[in-house]
Amino acid sequence: EAGVTQFPSHSVIEKGQTVTLRCDPISGHDNLYWYRRVMGKEIKFLLHFVKESKQDESGMPNNRFLAERTGGTYSTLKVQPAELEDSGVYFCASSQRQGTNTEAFFGQGTRLTVV
Amino acid sequence: AQSVTQPDIHITVSEGASLELRCNYSYGATPYLFWYVQSPGQGLQLLLKYFSGDTLVQGIKGFEAEFKRSQSSFNLRKPSVHWSDAAEYFCAVGPFGNEKLTFGTGTRLTIIP
């Protein structure tokens, strides 16, 4: 069974440009989460999808970040325009359903460098 | 607000030696506690988790963790480390049944021969 897959693994962009990160969750997983780790700091929650709906986006840093989940399958996280402080590793995770003893499976992350 | 503290940024141990990674948490409700590991080039892998029951939890790869409510701690241990254990380890806390997790800053483990 394929795990959580993230594309690209690494992206280097200039300040002011746009970048789109993609996450393919494990098939059948309704829950999809985005997290971010800024260099040397903790991994922080960004948002949570249940199928195609945003359940909780309290961690999104500002309106330069836009997350979508088309048809409840894969998700994209777009940063437009990118700023230097957006650099970090973006993780995606998925799990089967809420309210039960489930486990979140994480992807390998996308390392974003804004120069 | 919830928080997780991992006081050791970097730990170096000899192969075969014992290991203990510290984790302290602050959480308003009953915590659901996790330890994850990230090996180079890999995603976060769940080592073990605790919600209730026996306070000593066994995980994968020979790891265990002990929940101590009085100390708000959930330390990770391994009796004898292997070179393949070199990785970064993250402690996390969250609500039951929901993976909106609060992570610590991580502890990088280096193994020397």
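Model, not experiment: these values are computed from the prediction.
- Judged purely by distance below 3.5 Å, without hydrogens or angles, the side chains of K100(B) and S58(A) pair a donor atom with an acceptor atom.
- Of the two parts of Q38(B), only the side chain, counted from C-beta on, holds a non-hydrogen atom closer than 4.5 Å to a non-hydrogen atom of chain A.
- Between F103(B) and K41(A) there is no side-chain heavy-atom pair separated by less than 4.5 Å.
- Residue E42(A) holds its CD atom at 7.0 Å from OG1 of T105(B), rounded to the nearest 0.5 Å.
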Distance-only donor-acceptor pairs under 3.5 Å for side chains of residues 106-115 of chain A, two or more places apart:
{"from": "Q108(A)", "atom 1": "NE2", "to": "Q6(A)", "atom 2": "O", "distance (Å)": "3.1"}
{"from": "T110(A)", "atom 1": "OG1", "to": "P8(A)", "atom 2": "O", "distance (Å)": "2.5"}

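- For Y35(A), the part sitting under 4.5 Å from any heavy atom of chain B is the side chain, from C-beta outward, and nothing else.
- L84(A) is connected to F65(A) through a chain of hydrophobic side-chain contacts under 4.5 Å among Ile, Leu, Val, Met, Phe, Trp and Tyr, so both are in one cluster.
- When each of Q45(B), Q6(B), R108(B), E88(B) is checked for heavy-atom pairs under 4.5 Å with chain A, E88(B) comes out on top.
- Residue L109(B) is grouped with residue I60(B) when hydrophobic side chains (ILVMFWY) are merged at heavy-atom distances under 4.5 angstrom, including chains of intermediate members.
- Hydrophobic clustering (side-chain heavy atoms under 4.5 Å, transitive across Ile, Leu, Val, Met, Phe, Trp, Tyr) keeps Y74(A) apart from L47(A).
- Under the 4.5 Å side-chain heavy-atom criterion for ILVMFWY residues, no single connected hydrophobic cluster contains both L44(B) and Y25(B).
- Of all non-hydrogen atoms in L101(B) and F45(A), the two that sit nearest each other are O-CB, 4.1 Å.
- Both Y36(B) and Y32(B) are part of a single hydrophobic cluster, where members link through side-chain heavy atoms under 4.5 Å apart.
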